[in-house]
Amino acid sequence: MSTDTDQKQSWDRPGWMGLLARAPAKQVAERMVALGPLPAHDWLRAPEVGTVMLRGRAGGTGAPFNLGEMTVTRCALRLADGAVGHGHVQGRDKVHAMQAALLDALMQGARAADVTATVLVPLAAAMATAKATRAAKAAATKVEFFTLVRGED
Amino acid sequence: MYVAVKGGERAIDNAHAWLAEERRGDVAVPEMSVAQIREQLALAVNRVMAEGSLYDPDLAALAIKQARGDLIEAIFLIRAYRTTLPRFGASRPLDTASMACDRRVSATFKDAPGGQVLGPTFDYTHRLLDFKLMADGDTPNAPQGAARHEATPHITQFLNAEGLIQQEPASDATPRDLTRQPMQLPADRALRLQALARADEGFLLSLAYSTQRGFGRTHAFVGELRIGAVTVEMDIPELGFAIDLGEVTLTECETVNQFTGSKTEPPQFTRGYGLVLGQTERKAISMSLVDRALRWAELGEDNIGAPAQDEEFVLMHCDNIQATGFLEHIKLPHYVDFQSELELIRKLRAAVTAGQEAAE
């Protein structure tokens, strides 16, 4: 889901959850501060660290195989207004997972526009920039072939 | 007589205390942070993630620090830690065709769409020591070009179009998992690929090299080698939809192998596949060669008895943690075992000596 390229898009839930999972924890935390006071929450599932088995496909397209695992932290919480937020993020950062879940809950309520403008859009822009910079560096290492005049004619 | 042995506790404690001191080294030299290892010894970190079979750069860097740079010890630490974690599930199969490629080269097609992108490679360096790195360096700055936004297609699809290469049968079967059930032979390809993906790089390198030198020759070309970031997606049952969980850097190698046909297959190119966590190019190429060599039976090739063709030999010896566990345990106390050996040898010698004396 490449939801981080277009800032004017409308956000669906898989889109914002994915963005919050992929964004660096430090950046998410910075945007949370900008969001101002946050509501209290009850844990439905306190943050827990575990793994997800990554699967590849033989030959890139064939039958699945188990490649290896990665660390994931997940949690679920409920706000006073009843909104339930889920956080599933790569790595072992429980604060990151909590913040992702809190933002997920807020995105389902009255503060969605504020969260979009203050958190999602800047995060998506920062990630798009980082990705574009990497792609630009890769592009600079692309080989431009030229053919020498051959001598046999 | 069996003699129970106790003791050594103080010696062990002191040995570990000294280990900690030696790990730190000269305190006049600044201590290295885990973040420094993660950023500046990234390829060691990648190797530990690949063979530790757990993608987490911070943990791998910590393991390297704790293991004083002994990568197999670091891999051991990661494997041990992994066993303490619950598993939430499995990702959807990673879509390597959508990889954001840092590097993508083909040894078979010069003008492949997407081009030959070298990326941050050691290739074409002169392998001369750079003494500038001993001084405080400048911050290097890589040039930038016009970024490519569309996905880079897999090279093999061009050969697929002409029907010249063996197809990978599509499937969504749940693969066997050697971390959950003990390895059982014969293995299918999925199980082999899992074992190879976490196998020791040196072991795979030597096996792959042996196939190039003639022990199960498969005439491999690197059809494509790509390194880059792939999004991890997983179905979350409680949500009822799939979300991105993050992004992992992978190295993928696909070999194109000469194949003159067999009893069951027409003449066509065949494929070997390597996919490894992190930027781990040597390992991915080795994996694809060994994968191809192990496919002799399904392709109807002759088994010439080469080590790389022997599934049991490869799969049962490729794991460096299993290997090091069994190998290194022989340095631990075996006093009682050895006592019985000693008595046996004494008895045999006494019998031989008695025989010789009787003959004289």
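Below, chain A is the first sequence line, B the second, and so on; all start at residue 1.
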Roughly how far, to the nearest 0.5 Å, is the [atom2] atom of [Y] from the [atom1] atom of [X]?
X	Y	atom1	atom2	answer
A:R22	B:D244	CZ	CG	4.5 Å
B:E238	A:H88	CD	NE2	4.5 Å
A:R92	B:L85	CZ	CG	9.0 Å
B:H149	A:K131	NE2	NZ	10.0 Å

Under 4.5 Å from any heavy atom of chain A, what part of [X] do you find: side chain, backbone, both or neither?
X	value
B:V276	backbone
B:L196	neither
B:R92	backbone
B:E254	side chain
B:R176	backbone
B:D291	neither
B:C101	backbone

Among [options], which residue has the highest count of heavy-atom pairs closer than 4.5 Å to chain A?
options	value
B:A146, B:G274, B:P143	B:P143
B:P57, B:G115, B:G89	B:G89
B:G52, B:A195, B:P86, B:S98	B:P86
B:T156, B:I236, B:T96	B:I236
B:A170, B:G114, B:S53	B:S53

[Y] and [X], any side-chain heavy atoms less than 4.5 Å apart:
X	Y	answer
B:V232	A:Q90	no
B:L239	A:M17	yes
B:R87	A:M53	yes

For the student: nearest non-hydrogen atoms of [X] and [Y], plus distance:
X	Y	answer
A:T141	B:G119	OG1-N, 2.9 Å
A:A135	B:R148	CB-O, 4.2 Å
A:A139	B:G145	CB-C, 4.0 Å
A:V49	B:F88	C-CZ, 3.8 Å
B:A90	A:V52	C-CG1, 4.0 Å
B:D56	A:G91	OD2-CA, 4.4 Å

| task | Show your working on side-chain contact (heavy atoms from CB on, under 4.5 Å) between B:Y273 and A:R57 and close with a plain yes or no. | result | CA-CA 9 Å; B:Y273 190 63; A:R57 287 188 181 278; 6.0 Å; no
| Where on A:H86 is there a heavy atom nearer than 4.5 Å to chain B: the side chain, the backbone, both, or neither? |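 Side chain of A:H86 only, per the 4.5 Å heavy-atom cut-off to chain B.
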| request: Name the region of A:E48, side chain, backbone, both or neither, that has any atom closer than 4.5 Å to a heavy atom of chain B. | output: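 For A:E48, heavy atoms of backbone and side chain both lie under 4.5 Å from chain B.
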| field | Under-4.0 Å salt bridge between B:D177 and A:R55 | value | no
| Should we count CZ of B:R103 as having more than 12 external heavy atoms under 6.0 Å? |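 Enclosed.
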| Counting only heavy atoms not in B:D123, do more than 12 fall under 6.0 Å of its CG? |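 Above 12, so yes.
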| With chain B, which of A:A140, A:A136, A:A132 has the greatest number of heavy-atom pairs at distances under 4.5 Å? |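 Option with the greatest count: A:A136.
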| said: For chain B, which candidate among A:A76, A:G50, A:A23, A:A21 shows the most heavy-atom pairs at distances under 4.5 Å? | reply: A:G50
| task | Starting from the C-alpha separation in whole Å, work towards a yes-or-no answer on side-chain contact (heavy atoms from CB on, under 4.5 Å) for B:V248 and A:L54. | result | CA-CA 10 Å; B:V248 290; A:L54 305 172; 4.1 Å; yes
| query | In residues 59-74 of chain A, which residues are in contact with chain B at a heavy-atom separation under 4.5 Å? | reply | A:G59, A:G60, A:T61, A:G62, A:A63, A:P64, A:F65, A:N66, A:L67, A:G68, A:E69, A:M70, A:T71, A:V72, A:R74
| said: Going by ring pair (Phe, Tyr, Trp, His ring centres under 6.0 Å), name the residues that satisfy it together with A:H41, two or more places apart in sequence or in a different chain. | reply: A:W43
